[in-house]
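So the structure is just underneath, and the comments pick up after that.
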Amino acid sequence: MPVRCPSGIPMHGTLSVHLPPEPAFLPLLLATLRELSSRLGFSQEDGCKLELALEEAFSALAVPLGESTGDEAVEVRFRRVPLGLRISLAGHRRPLSRQDLTAYTPDKASERDGEAGLGLYMLLHLMDQVTLTEGTANRQELHFFKRLPEGAGTPPEAGTCPPPPEEGEDRAPASADRVLPTQKDALVQEGGFPSLPWAELLTDPAQALFAARNAGGRNLALQGWGRHDARSTLGLMGPCHILPGVPEEPCRRRLLRAVTEQAIREGQGGLLATYPLGEARSLPPEGFAPCALLPYTPATPFSPETEGPCALLFHPLGPSGVLGPLGVPPTARGLLAGLYARWGENLAPPQEGGREGLAPRSILSVTSQTPKGRTNLRVHAYGADFPLRLRELTAHLLERGYRHLLLHLPLELPATAFEAEAARQQGYVLVGVLPGTPGGDELLCLHRSGLPLPQEAAGAAEALCPSLAAHLKGEGGALG
């Protein structure tokens with residue numbers, strides 16, 4: 001069953017425009033966006049928000065009149081995705097920083113922030129998601145996404161659910177292979193699996209879907225692979241969907257092998273998986289160890305964010321050894337050493353250093369995956385103003401109803417050993433670590449407004465990772 005596109009714009013259809021970053025070209029972009037948003041089914045209000053966001057983003061990159069050298073260029077891409085419209089701007093000659101995205105706040109605006117700061121502030125609040133990434137060849141890319149209203153557009157049709165394998169039918173998996181785009185229609189018609197973003201999984205080069213099949217070619221189980229949104233060297237393993245009546249462990253082993261081989265081909269050093277704590281029915285995948293506990297299950301390319309608590313599990317794909325030296329807080333060294341040891345890494349002696357020699361200003365970025373939902377605060381560089389900057393940013397987000405504030409502190413920076421204590425004094429509780437595979441390891445600290453973990457997760461969390469569960473309990477983030 002093909003995906004129906006009443007708008008005439010196919011799923012993942014992309015329109016790319018290359019033009020000089022000069023204000024004279026803005027009306028052309030806005031007219032293009034107006035036509036696209038209308039055909040996709042955005043309301044007039046959302047269409048106006050999209051146009052205003054594009055205008056502010058382009059204006060932030062535009063070269064002032066009289067300063068053009070004639071060789072500047074910006075690429076603007078409009079892409080139809082399953083949930084809405086994604087717009088990206090790349091290749092400009094006036095690079096932004098992640099600090100620019102969050103530097104402006106209305107109650108503390110100054111002349112230094114200027115109109116560009118206000119424009120980026122408006123962009124963050126008009127769109128459902130805004131990110132700044134480093135592209136290839138030293139190019140930056142500014143991405144923003146707007147979700148289609150419920151009912152707009154037409155999602156892929158779901159197939160009917162057939163009965164489980166009949167008595168005597170081969171239920172043992174004989175192979176596990178990647179599902180090709182040409183096999184999508186047959187897979188959807190066969191049914192039996194939950195609704196998944198089929199088009200995205202089968203056509204996006206950053207994702208893949210694998211199927212465990214019996215000797216007759218029937219699909220018995222599915223599992224997805226993808227790239228982590230913040231680093232390409234870390235892979236994501238989606239949940240395993242298995243038909244009723246099919247032996248689980250043989251399917252899981254074959255799919256894990258297929259996903260692992262895909263990650264190694266992509267040059268990834270590790271896999272990350274989510275493990276629901278409230279309704280866990282099986283053991284964690286073989287070779288995975290817990291690296292963090294969270295009161296929610298983060299969104300992945302294979303599933304939306306849910307309220308259920310989970311553990312993040314890590315599986316290294318490279319050789320083990322001594323890691324570091326890292327900026328590990330002295331009070332957390334024993335806890336983190338125990339976590340790293342579970343996947344074969346040993347921590348080197350801590351780095352020496354303190355707050356001396358820091359730049360005046362810190363660089364932080366904020367991304368929210370869902371409106372008023374999970375919010376990531378990432379530290380890219382420490383400055384002398386870090387405690388004050390973090391306090392202001394935390395208060396700003398909490399006042400506006402954001403929750404689950406997850407702070408990412410770079411363990412490669414010696415100052416993390418000291419600044420983690422400043423974060424703790426402002427209500428952030430250590431909940432684990434995100435391995436970088438290699439480099440880029442992050443200390444994960446959740447604001448206590450998102451705690452405690454639900455009571456139903458207590459037993460599973462303590463059995464899975466007793467040291468981290470005990471730490472949360474001692475920090476006031478007790479399980480229930």
Side-chain angles (χ1 to χ4, degrees), residues 223-224 228 234-242 248-249 251-253 255-256 259-260 263 270-300 302-303 305-317 320 323 328 332-347 374 404 406 408 411 428-437 441-446 448 450-480:
Q223 189 155 37
H228 192 275
L234 183 61
L236 294 175
M237 190 173 76
C240 190
H241 303 290
I242 304 175
E248 292 191 7
E249 287 311 307
C251 286
R252 293 183 187 277
R253 284 197 297 270
L255 288 170
L256 175 58
V259 171
T260 299
L271 282 170
L272 195 69
T274 57
Y275 180 73
L277 293 175
E279 48 179 296
R281 299 186 179 91
S282 61
L283 295 174
E286 183 179 354
F288 282 75
C291 60
L293 296 176
L294 295 174
Y296 59 91
T297 302
T300 70
F302 331 105
S303 59
E305 177 182 320
T306 63
E307 295 294 335
C310 83
L312 295 183
L313 307 178
F314 176 68
H315 175 46
L317 300 178
S320 59
L323 192 67
V328 176
R333 183 167 181 82
L335 173 63
L336 294 184
L339 290 179
Y340 277 103
R342 296 188 68 169
W343 56 79
E345 299 280 5
N346 295 311
L347 293 182
R374 174 172 66 100
H404 294 156
L406 188 61
H408 300 245
L411 280 168
Y428 285 90
V429 176
L430 172 65
V431 294
V433 64
L434 185 65
T437 67
D441 295 52
E442 295 174 344
L443 202 65
L444 300 180
C445 301
L446 184 75
R448 63 177 65 253
L451 294 170
L453 299 183
Q455 177 61 41
E456 63 269 19
E462 291 172 358
L464 187 66
C465 192
S467 60
L468 194 51
H471 165 76
L472 279 176
K473 188 173 182 178
E475 286 286 338
L479 299 172

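One distance of note links CZ of Arg253 with CD of Glu248; it measures 11.5 Å at 0.5 Å rounding. Atom CZ of Arg342 sits about 10.5 Å away from atom SG of Cys291, to the nearest 0.5 Å. Separating the CG atom in Leu312 from the CG atom in Leu293 is a distance of 8.5 Å, to the nearest 0.5 Å. To the nearest 0.5 Å, atom SG of residue Cys251 and atom CG of residue Leu256 are 12.5 Å apart.
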- Can you list the steps and then say if Leu406 with Leu294 is a side chain to side chain contact (heavy atoms under 4.5 Å, CB included)? CA-CA 9 Å; Leu406 188 61; Leu294 295 174; 4.2 Å; yes
- Under the side chain to side chain contact (heavy atoms under 4.5 Å, CB included) criterion, do Leu444 and Val433 qualify, and how do the steps go? CA-CA 5 Å; Leu444 300 180; Val433 64; 5.8 Å; no
- Report the C-alpha distance between Leu313 and Leu271 in whole Å, list the side-chain angles of each, state the deciding distance to 0.1 Å, and finish with yes or no for side chain to side chain contact (heavy atoms under 4.5 Å, CB included). CA-CA 8 Å; Leu313 307 178; Leu271 282 170; over 6 Å; no
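In this structure, Pro290 and Leu339 approach most closely via the heavy-atom pair O-CD2, 3.7 Å. Pairing each heavy atom of Leu430 with each of Leu336, the nearest pair is CD2-CD2, 4.5 Å. Heavy-atom minimum distance, Ala311 versus Leu277: N-CG, 3.8 Å. Closest of all the heavy-atom pairs between Val328 and Leu347 is CG2-CD1, 4.4 Å. Scanning all heavy atoms of the two residues, the minimum distance from Pro435 to Asp441 falls at CA-OD2, 3.7 Å. The two residues Phe314 and Gly270 make their nearest non-hydrogen contact at CE1-CA, 3.7 Å.
Not counting sequence neighbours, the partners of His408 by the side chain to side chain donor-acceptor pair (under 3.5 Å) test are Asn376, Glu442. Residues satisfying the side-chain contact (heavy atoms from CB on, under 4.5 Å) test with Ala273, not counting sequence neighbours, are Met237, Phe288.
Side-chain atoms of Asn346 and Tyr340, non-hydrogen and from C-beta on, never get closer than 4.5 Å to each other. Leu272 places a side-chain heavy atom less than 4.5 Å from the side chain of Leu236. At least one side-chain heavy atom of Pro316 sits under 4.5 Å from a side-chain heavy atom of Trp343.
Side-chain atoms of His315 come within 3.5 Å of backbone atoms of Gly287 as a donor-acceptor pair (strictly under, hydrogens ignored).
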